[in-house]
Amino acid sequence: MDELRNELFYQQKNGYDLIGTEERIAVEDYSAAYMSYLDASRTEREAVTNAIALAKEQGFVEYVPGMELKAGTKVYRNNRGKALILAVIGEKSLSEGAVIAGAHVDAPRIDLKQVTMYESDEMCYFKTHYYGGIKKYQWVTIPLELHGVVALRNGELVEVSIGRRAGEPKFVITDLLPHLAKDQMTKTMAEGITGEGLNILIGSVPYADDGKDRVKLAIMSILNDSYGITEEDFLSAELTAVPAFDVCEVGLDRSLIGGYAHDDRVCAYAELKAIFDVENPAKTCVCILADKEETGSDGVTGMQSAAFDCFMEDLCDQQGVKLRHCYANSFCISADVCNAYDPLYPEVSEKRSDSKINYGMGICKFTGARGKSGTSDASAEVVAYLRKLFGENNVVWQMAELGKVDQGGGGTIAKFMANRNIDTIDAGVPVLSMHAPFEVVSKFDCYMTYKGVLAAYSAK
Ligand code: MN
Ligand code: MN
C-alpha cells in the first residue's frame with residue numbers, strides 16, 4: 001500500500017529535507033546578498049538605482065536604439081528612475097519570443113501630502129496619504145524614515161534620505177495610550193486609526209521669536225539649511241515615510257528574513273540575480289522591475305504603461321521582427337509574492353492549497369477574488385511547462401492559492417502581461433505578514449525563487 005501511495009498521491013516535502021550541505025551554503029550566500037540589497041532599497045527609486053549599479057557591475061549598458069545587439073549583449077532601460085527593464089539578447093530571434101520575468105519594486109508606504117506641513121499646539125507634523133493596501137494600525141508607534149525627491153522649479157532634483165544612516169533622527173506616528181483609549185478600543189481595527197490620523201511627528205522646539213507657527217518655522221529652517229527647499233517645494237515632491245527597521249535574520253535558527261517591502265523586492269532581486277547569472281541564453285531574457293503594482297499598475301511607470309512595449313518594440317525592430325509575433329511566442333513569470341500559510345490564522349486558510357514556508361517557490365495558477373474575478377489564470381499547459389522545467393532543474397516549488405475561497409483576494413501584474421498575448425504565470429516567494437511594516441520570508445524560498453527564474457531564463 002505504501003508503494004501504491006507513493007506512486008499515486010501528490011506528496012510535498014519540507015525543502016530542507018530535499019537539499020544537501022552545498023545548497024544550504026548557497027541559500028545562506030544568496031540570502032546575505034539579498035538582505036543588503038533590501039536594506040539599501042527603501043523606495044522604488046532606490047530599488048531601481050541600486051539595481052542599475054549592480055547591473056553595471058555585470059556589464060549591462062543603457063540601451064540606445066540602434067546600438068549593436070548580438071547574442072549576449074546586456075542592456076537596460078531606466079523608466080523615469082522608478083521602473084527598470086533589463087535584457088540579455090539571446091541566440092534565437094525575438095520572433096521565437098522572449099523569456100520575461102516581471103516583479104514590482106513599489107511597496108505599501110506612507111506618502112506625504114503635497115501641502116503637508118502643519119503645526120498644532122506647538123508640535124509640528126506632516127500630513128500623509130498612504131499608498132497601497134495597509135492595515136493602518138500597524139503603522140503607528142514604529143520608527144519611520146523619510147525618503148524621496150523634491151523637484152525644484154528650476155528642474156533640479158533634490159534627493160532626501162533621513163533616518164537610514166546611523167545617528168540620523170527618525171520619525172513616528174503616535175497612538176493613544178491605553179489609559180485613555182476606552183472609546184478607541186471599541187472601534188474596529190479598520191476604524192481605530194484613520195487615514196487622516198496618520199500624521200507624522202517631526203519636531204517640537206519653537207523658533208526663538210514671537211508670532212505664530214514658531215515650531216513649523218524652526219523645522220522649515222532646518223530643511224532649508226539642509227536641502228535648500230521652501231514649503232512651496234513640497235508641492236512638487238515625492239516624499240515617503242517607510243519603516244526604519246533594519247533587515248535582519250529572524251528565529252534562533254536564523255532561517256527567516258524580516259524586513260520592510262519583501263513584497264515585491266524579494267522577487268525583484270531574484271530576477272536580477274537570475275539575469276546576471278544566465279549564460280548564453282537561447283531566447284532573449286527580459287527582467288522587469290515595475291512600479292505602481294500596489295495601486296493597480298496604472299500610470300507611466302506601471303505595467304499597464306506602453307513603456308514596456310516601446311522597449312520590446314525597439315529590440316524587435318532591430319531584428320526585423322513584429323512585436324506582436326514576439327509576444328505571442330513569449331513566456332512570462334509574473335514574479336510576485338504569495339501569502340504563506342500562517343499557523344496563527346488557520347481560519348482564513350485552506351491548508352491544502354496555501355503555500356507554506358520552506359516549501360519553495362509558490363506557483364499561483366490564478367489570483368483574483370470572488371470566483372477568480374480579475375485574474376489571468378495561467379493555462380494547464382503553462383503549469384505543466386513549469387513542472388517539467390523545475391523538475392529538471394531541482395527547483396523546489398509548490399502551488400499557492402490566496403487563502404480560503406471568498407475570504408479575500410488580490411492581483412499582480414500577471415493579467416497585464418497576459419493581456420498582451422504573452423503566456424503568463426504568477427510565481428514567487430511566500431510571505432508572512434504581507435504588507436505589514438515588517439514582513440517575513442524564508443531564506444530557502446528566496447533562493448528557490450531565484451533558481452526558478454534562472455531555470456526559465458536558461459531554458460533551451
Ligand atoms: Mn506584490
Ligand atoms: Mn502587494
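In this chain, residues are counted from 1 in sequence order. Just so it is clear, the values below take in all heavy atoms, side chains as well, and ignore hydrogens, waters and symmetry mates. Both ligands and their constituent atoms are indexed starting at 1 by order of listing.
Neighbours of the Mn ion (ligand 1) restricted to protein N, O or S atoms under 2.8 Å: the count is 4.
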For residues 332-340, dump all side-chain donor-acceptor pairs below 3.5 Å to protein atoms at least two apart in sequence or in another chain.
| residue | atom | partner | partner atom | Å |
| --- | --- | --- | --- | --- |
| Ser334 | OG | Asp426 | OD1 | 2.7 |
| Asp336 | OD1 | His104 | NE2 | 3.3 |
| Asp336 | OD2 | His104 | NE2 | 3.3 |

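Aromatic pair Tyr63/Tyr76: ring centres not closer than 6.0 Å.
Both tests pass for Lys356 against the ring of Tyr359: distance under 6.0 Å to the centre and angle within 45° of the axis. Both cation-pi conditions hold for Arg109 and Tyr131: the charged atom is under 6.0 angstrom from the six-membered ring centre and inside a 45 degree cone around its axis.
When the Mn ion (ligand 2) is compared with the N/O/S atoms of His435, atom NE2 turns out nearest.
With Ser297 as the partner, the side-chain contact (heavy atoms from CB on, under 4.5 Å) test is satisfied by one option alone out of Met303, Met417, Lys292, Lys415: Met303.
When only modelled atom types and interatomic distance are considered, Thr301 and Asn79 share no side-chain donor-acceptor pair under 3.5 Å.
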